[in-house]
**Student:** 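Okay, here's the structure, questions in a sec.
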Amino acid sequence: MVHHSGSIQSFRQQKGMNTSKSETVKEHPLKPSRRSMPCLAQSQTHPQSLSKHSSFLQPNHVQPQLQPQPLSAGTSAAAVDVASERAKVMETLESNLLKLSNTEYGDPFLDVGKDKDTYTDDSEHGNYDARTDQSLLIQNKLTRQKTEPRTKSSLKSDAMASSGLFFKDGKKRIDYILVYKKSSPQVEKRSTFEKNLRAEGLMLEREPAVTNSDIMFVKIHCPWETLCKYAERMNIRMPFRKKCYYTDWRSKTMGSLQRNIRELKSWLPRNPMKLDKEALPDLEETDCYTAPFSHARIHHFTINNKDSFFSNSTRSRIVHHVLQRTKYEDGKSKMGINRLLNNGTYEAAFPPHEGSHKSRHPIKTHGAQNHRHLLYERWARWGMWYKYQPLDLIRRYFGEKIGLYFAWLGWYTGMLIPAALVGLFVFLYGLFTMDSSQVSKEICEANETIMCPMCERNCTLQKLNESCIYAKVTHLFDNGGTVFFAIFMAIWATVFLEFWKRRRAVLTYDWDLIDWEDEEEELRPQFEAKYSQLERVNPITGKPEPFQPFPDKLSRLMVSVSGIFFMISLVLTAVFAVVVYRLVAMEQFASFKWYFIKKYWQFATSGTGVCINFMIIMSLNVVYEKVAYLLTDLEHPRTESEWENSFALKMFLFQFVNLNSSIFYIAFFLGRFAGRPGKYNKLFNRWRLEECHPSGCLIDLCLQMGVIMVLKQMWNNFMELGYPLLQNWWSRRKMKRRGQTMENKISLPQWEKDWNLQPMNLHGLMDEYLEMVLQFGFTTIFVAAFPLAPLLALLNNIIEIRLDAYKFVTQWRRPMPARATDIGIWYGILEGIGVLAVITNAFVIAITSDYIPRFVYAYKYGPCADQGYRQEKYRDYRAPPWSSTPYEFTLQFWHVLAARLAFIIVFEHLVFGIKSFIAYLIPDIPKDLCDRMRREKYLVQEMMYEAELEHLQRERKKNGKQYHHEWP
C-alpha cells in the first residue's frame, strides 16, 4: 500500500502544472490584475459530490484510505470482503493513474476509449459512484450517523447495476432507454441506427426483458467527451462563477434592509406553507454565472466533479438531441428516433427514472434516496397539499417546460385565493340579506297575484308567492355585490396575466433561459413526404428543403376552417336537442306522480337537462379530438410545434364552444322568444317555448354552470389519475398471469419498471393546459352569474397540483426534459378570454340578471320613489289585458331597455380602461431584474476576460516565458 502512495506522490511531482485542463477540478481564486472584479470568489458547487465521487482526483483524501487497517480477531467474512474490495479499488486507481501519467499533453478527463463500435466500453476513468447526480441531496443528520468506511460504496456497484440505473459494470450511468421487439421486421434500420449512434460517441448495451421474452432494452450512456461536444453544439449554458449582487450603494442599502427584514421575520411565526430548506437539496448552480459551454475554454467552468457537472436531465436532453439527428437509412429525411417510433422499429424511447419513489426508511432520519423519492415526499404526497412547490427541483428533474407549467399552475392557484374570498363574500352578503331583499319580500308576499300557466297541457295557474324560494336563492348570486364582483374579476384577470409575465421573467432568469433560443426544428415526416418534389432554400439554415406552395396551403386552411364551422354547427344541433328535451320534459314533470317533482318541476327539468347536456359534451369531446387530428393533419404543418399549436387552437375552440354553448343559450336566449298570453310561440306547433322562472333566468344559469363545472372537474381528475392507476394495475395483473412472483416483480430493473408505466400523453402538456384554460373561462366569463366559481376552481386546483405531481412522479414514465421560456399559445388564449369575460359579464348583469330592472324599479316605479305608480308592487313590462292596447310594452320596458344598454356601454368602457391602465403600470420585467441582467451580462464578459487572461498567464509561466498583467 505504501507503493501506491508513493506512486501518487511521484505522479503529482511529475505532472506539476502540465495538466491545464485537469486544474479545473479544483478552481483557484484569481490573482488580482489590472481588470480584476469585486466578486470572483471560488465556486464550491456540489461539495459533497467532490468528496464522494472524485476520490482519485484528490490524493490527500485518498491517501488515508490506502493505509492498511489491522483486522481484529473477531473479524467476519464481510470485513475480509471489504478488504478485498479495497484492494480492487486500489488496483483500478493505480491503472488509471498510470494512464494519466502516460498522457503527456492530452486531456486525461476526456479519455473515453477508442473502440466505439462495441456495446460496452470500460476505458472510462475511475469508479462511477452510485449516486452521481444525487450528491445534491441534503443528508443533514445522516452525515453524523455514517460510521461505515468509505469503501462501502464500492461494494454497491453490483447492486447499482442490477437496480437499473447503470450498465452491467456498475459505472456508466444510463441516460436513455430504447425498447424494441425481437419479432420486429425492422432489423436493418435498427442495426444501422445503433451503429451510427456508436459512431456519434454514445455507448450502448442490450438487456432482455425479465417479464417478456420478446422485449429487448437498449441502454444508452453518453460519455464525457460526447457530452462536451454536444453541449458546445447545443450552446448549453453551464456555471463558471458564483454570483455577486451588491455592486452599488443602493443595492448595499437594500441588502441591509433585507437583512433587517429577515431578522424581524425570524421572530415571527414561521409560514407553514414554506418547505424546510433542510429537506431540499441546495441547488447552487442556480446561484452561479453561466455561459455557453466551450470545450476550448473548459478551464473557465467550475468542474468539481465531471460526473455531476452535467445533470441527469441535461444528459438526457443531449442524448435525445443525438437520437433526433442520427440516420437509419440513406436519404435526407431518413433520420430521427421519432420516425423509428412511428414505423415500429422501436416501441418506446424514454429517459429512466432515478430509482424508486418510495423507501422503507423515513426520509427525515435516512434522507432521500434520489430526486424522484425527494419529489414524492416533498411534493407529490397528499400531505403536502398546503406547501409551496419545489420548482427548482421540478425543473431539474423534469426540465424547464414542465417546470414552467407547474409554476404557472401554482401562480394561477395562488391568484385564485383573493378571487375566491371576494366571491365567497358576495355569496355570504346575499345570504345575510336574503330575507331583507325588497324583491324577495314582494314576491313572497304576493298572495293575490296569479301567474299564467307556463306550459300548455299539464301546467296549472300558480300564485306568485310560490316562487318565493327561487327568489331567495336567486338573491344569493344576484345582489348588490354582483356588479362590484364582475368589475373585480375583470381587473383580477388583467392583474393575473400581467404579474404572471413578471413571474415568468424571474423564472427564466433564475433558470438561465434569458438568452436561450429554440433550436431549428426538423420537418415533420408527413410534410417531407408530401412536398418532397418541391424545394427551396431555408433562409435560416441555408439548405434546400421541401416547402408548401401558398395556394395549396390556403386551400387546405379553408377546408380546415370549414370543418371547424361544421363541428360548431354540430354543437348547436346538440344544444337544440337539449332544448327540445326541456320542452318535452317540462310537461311530463308538471304532471308527475311524485308530489315533490310535480311541485318543483322546473328544477327537475333544468337538473336533468344539465346532466344530459354534460353527457353530450363529454361524448362530443371524443369526436372533436379525432376531427381535430384529421383537420390538423390535413393542413400538413411544417414542424411539430406548428402542428401542436394548430391542434391546440382547434381543441380549445371545439371544447370551449361545446362547454359554453348551452350556457350562452340560457344566459341570453332562454325566455326571450316565448311570446305573450294569447300568442305564445311554439316549436313545431306543438311545444310552447320555455320561459324563465318568475324570479328570473339566473337560477337556471347558476345551476347549469355549477353542475357542469363540478362534474367536469371530477371526470378530469378521474381520467388523470384513476385511469392510469387502472392501466398500471392491469399491467401488473397480466404479469402475474405470466407466472411472475412478487419477488421477481420487486427485483425488476428500473428500466423495466419504467416500461411498465404509462407514457406521457401524445400531446405533452396540451391536455393539462387545456383543462386549466377552460376552467379559467368558467371562472371569468360568467362569474357574475356564479360568484362561487373561483372558490370551486381553487379547491379543484389544490387537488389538481397534487394529482399532476403524483401522476408525473409515480404513474408516468419520465418525460424528456425539454426547455421552454413561456407557456406558448396559451397566453394569447388567456388574454382573449379576459377580453371576452368583460363583454359577457356586462351582458349577464344587464340582460340576464334583474339588477337593472330592480334599479329602475326602485328609483322610478317602486313604493319608495317620489313619483311613478305607487300602487304597482312589482315590475310588469306589458299592459294588462283590459287596457286599450292589451299586452303592449309599457313605458317601463323602454326605460329598462335604455338603462341596460347604457350599463353595457359604461361597464365595458370603464373596465377596459382600468385594464389598460393597470397593464401600462405593471412592467413585464421587474426593474431590479432588468438592472441585474444588464449588470450580470457585463460581469460575465469581464469574468470571461479575466479567466482567459489568468489561464494564459499560467501557460506562459509553465513554459518559462515572461508575462505581464495585460492582454498578450
**Student:** Of L765, L409, L507, which meets side chain to side chain contact (heavy atoms under 4.5 Å, CB included) against L404?
**Tutor:**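 Passing option: L507.
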**Student:** Can you establish whether the number of heavy atoms outside K712 located under 6.0 Å from its atom NZ is more than 12?
**Tutor:**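 More than 12 heavy atoms, drawn from other residues, nucleotides or ligands, come within 6.0 Å of this atom.
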**Student:** Evaluate V422 against F484 for side-chain contact (heavy atoms from CB on, under 4.5 Å), listing each step before the verdict.
**Tutor:** CA-CA 10 Å; V422 176; F484 163 76; 3.9 Å; yes
**Student:** Going by heavy atoms in the side chains, are I394 and F808 under 4.5 Å from each other?
**Tutor:**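 With C-beta onward as the side chain, the pair stays apart.
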**Student:** Looking at every heavy atom in both W826 and I823, which two are closest together, and how far apart are they?
**Tutor:**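 Here W826 and I823 meet closest at CD1-O, 3.2 Å.
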**Student:** Report yes if some heavy atom in the side chain of K927 is under 4.5 Å from a heavy atom in the side chain of D931; otherwise report no.
**Tutor:**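 They are in contact (side-chain heavy atoms under 4.5 Å apart), so the answer is yes.
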**Student:** Under 6.0 Å between ring centres: does that hold for W408 and Y769?
**Tutor:**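 So the answer is yes for these two rings.
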**Student:** CZ/R819 to CG/L513 distance, rounded to the nearest 0.5 angstrom?
**Tutor:**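 Nearest 0.5 Å value for the CZ-CG distance: 4.5 Å.
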**Student:** For Y624, is the OH atom crowded, meaning more than 12 foreign heavy atoms sit under 6.0 Å from it?
**Tutor:**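 Yes, OH of Y624 has more than 12 neighbouring heavy atoms, counting only those of other groups under 6.0 Å.
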**Student:** Looking at W715, I want to see if its CH2 is surrounded by more than 12 non-hydrogen atoms of other residues, nucleotides or ligands under 6.0 Å.
**Tutor:**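 Result for CH2/W715: open.
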**Student:** Test P790 against every option in L795, T779, I417 by the side chain to side chain contact (heavy atoms under 4.5 Å, CB included) rule and name the one that passes.
**Tutor:**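 Per the side chain to side chain contact (heavy atoms under 4.5 Å, CB included) rule, the option paired with P790 is T779, out of L795, T779, I417.
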**Student:** Which atoms form the tightest heavy-atom contact between Q713 and A793, and what is the distance?
**Tutor:**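 Nearest heavy atoms, Q713 then A793: NE2-CA, 4.1 Å.
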**Student:** Should R504 and T821 count as side-chain neighbours, where that means a heavy-atom distance under 4.5 Å?
**Tutor:**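 R504 vs T821: side chains touch.
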**Student:** Nearest 0.5 angstrom please: N717 CG to I799 CD1, how far?
**Tutor:**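 Rounded to the nearest 0.5 Å, the CG-CD1 separation comes out at 6.5 Å.
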**Student:** Are the ring centres of F782 and F664 closer than 6.0 Å?
**Tutor:**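 Between F664 and F782, which both carry aromatic rings, the centre distance is below 6.0 Å.
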**Student:** For I617, does its backbone N or O pair with a side-chain atom of N658 as donor and acceptor, under 3.5 Å?
**Tutor:**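 Side chain of N658 to backbone of I617, a donor-acceptor pair under 3.5 Å: yes, one is there.
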**Student:** Please check this pair: side chain of Q704 against backbone of S662, looking for a donor-acceptor N/O pair closer than 3.5 Å.
**Tutor:**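 Checking the backbone N and O of S662 against the side chain of Q704, no donor-acceptor pair under 3.5 Å is found.
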**Student:** So, do T780 and F496 sit near enough that their side-chain heavy atoms are less than 4.5 Å apart?
**Tutor:**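 With C-beta onward as the side chain, the pair stays apart.
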**Student:** So, S916 side chain and G913 main chain: donor-acceptor pair closer than 3.5 Å or not?
**Tutor:**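 The answer is no, because no donor-acceptor pair under 3.5 Å joins these two groups.
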**Student:** Any donor-acceptor pair under 3.5 Å linking the side chain of R802 with the backbone of W379?
**Tutor:**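 Side chain of R802 to backbone of W379, a donor-acceptor pair under 3.5 Å: yes, one is there.
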**Student:** Can you establish whether the number of heavy atoms outside M618 located under 6.0 Å from its atom CE is more than 12?
**Tutor:**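 Counting neighbours around CE of M618, more than 12 heavy atoms of other residues, nucleotides or ligands fall under 6.0 Å, so yes.
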**Student:** Check R396 with D392, please: is the shortest side-chain N to carboxylate O separation under 4.0 Å?
**Tutor:**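 Not counted as a salt bridge, because no side-chain N and carboxylate O are separated by less than 4.0 Å.
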**Student:** Between the main-chain N or O of A667 and the side-chain N or O of T848, is there a donor-acceptor pair closer than 3.5 Å?
**Tutor:**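 Side chain of T848 to backbone of A667: a pair is present.
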**Student:** Do you know which two heavy atoms are closest between V844 and A785, and how far apart they sit?
**Tutor:**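 V844 and A785 have their closest heavy atoms at CG1-CB, 4.1 Å.
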**Student:** Could you check if a side-chain atom of F427 sits within less than 4.5 angstrom of a side-chain atom of N479, using non-hydrogen atoms only?
**Tutor:**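 When only atoms from C-beta onward are counted, N479 and F427 do not touch, as no gap falls below 4.5 Å.
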**Student:** To check you understand the geometry: which heavy-atom pair defines the closest contact between G410 and Q389, and what is its length?
**Tutor:**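 Result for this residue pair: CA-NE2, 3.6 Å.
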**Student:** Should V610 and F614 be marked as a side-chain contact (heavy atoms from CB on, under 4.5 Å) after you check the CA-CA gap, both sets of side-chain angles, and the distance that decides it?
**Tutor:** CA-CA 6 Å; V610 171; F614 175 76; 5.5 Å; no
**Student:** Would you give the length of the straight line joining atom CZ of F912 to atom OG1 of T494, rounded to the nearest 0.5 angstrom?
**Tutor:**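 Rounded to the nearest 0.5 Å, the CZ-OG1 separation comes to 9.0 Å.
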**Student:** Can you confirm whether or not the ring centre of W500 sits under 6.0 Å from the ring centre of Y827?
**Tutor:**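 Not close enough - the centres of the two rings lie 6.0 Å or further apart.
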**Student:** Nearest 0.5 Å, please: how far is CG in L416 from CG in L421?
**Tutor:**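 Taking CG in L421 and CG in L416, the distance rounds to 10.5 Å.
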**Student:** Indicate yes or no: at least one non-hydrogen side-chain atom of F652 is less than 4.5 angstrom from one of L774.
**Tutor:**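 SC-SC contact between F652 and L774 confirmed.
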**Student:** Is a side-chain N or O of R502 found less than 3.5 angstrom from the main chain of P923, in a donor-acceptor match?
**Tutor:**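 Side chain of R502 to backbone of P923: a pair is present.
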**Student:** Are the side chain of N841 and the backbone N or O of A837 linked by a donor-acceptor pair below 3.5 Å?
**Tutor:**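 Yes.
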**Student:** For side-chain contact (heavy atoms from CB on, under 4.5 Å), just list the numbers for I564 and F654, CA-CA rounded to whole Å, side-chain angles, deciding distance to a tenth of an Å, and then say yes or no.
**Tutor:** CA-CA 8 Å; I564 293 175; F654 288 158; 3.9 Å; yes
**Student:** Could you pull out the closest heavy-atom pair between H475 and G430, with the gap in Å?
**Tutor:**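 Nearest pair, atom of H475 first, then G430: CD2-O, 3.2 Å.
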**Student:** side-chain contact (heavy atoms from CB on, under 4.5 Å) between V911 and F907: does it pass, once the steps are laid out?
**Tutor:** CA-CA 6 Å; V911 174; F907 182 88; 3.9 Å; yes
**Student:** Given side chains that start at C-beta, do those of F786 and F778 come closer than 4.5 Å, heavy atoms only?
**Tutor:**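 Of all side-chain heavy-atom pairs linking F778 with F786, none is under 4.5 Å.
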**Student:** Distance check, rounded to the nearest 0.5 Å: L572 atom CG versus F565 atom CZ?
**Tutor:**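 If we round to the nearest 0.5 Å, L572:CG and F565:CZ are 11.0 Å apart.
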**Student:** What heavy-atom pair brings R900 and I847 nearest, and what distance separates the two atoms?
**Tutor:**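 That closest heavy-atom pairing would be NH2-O, 3.7 Å.
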**Student:** Is there a side-chain contact between E800 and M772, using heavy atoms and a 4.5 Å cut-off?
**Tutor:**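 Result yes, sub-4.5 Å side-chain heavy-atom pair found.
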**Student:** Can you tell me how far the CG atom of L701 sits from the CD1 atom of I663, to the nearest 0.5 Å?
**Tutor:**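 Rounded to the nearest 0.5 Å, the CG-CD1 separation comes out at 7.0 Å.
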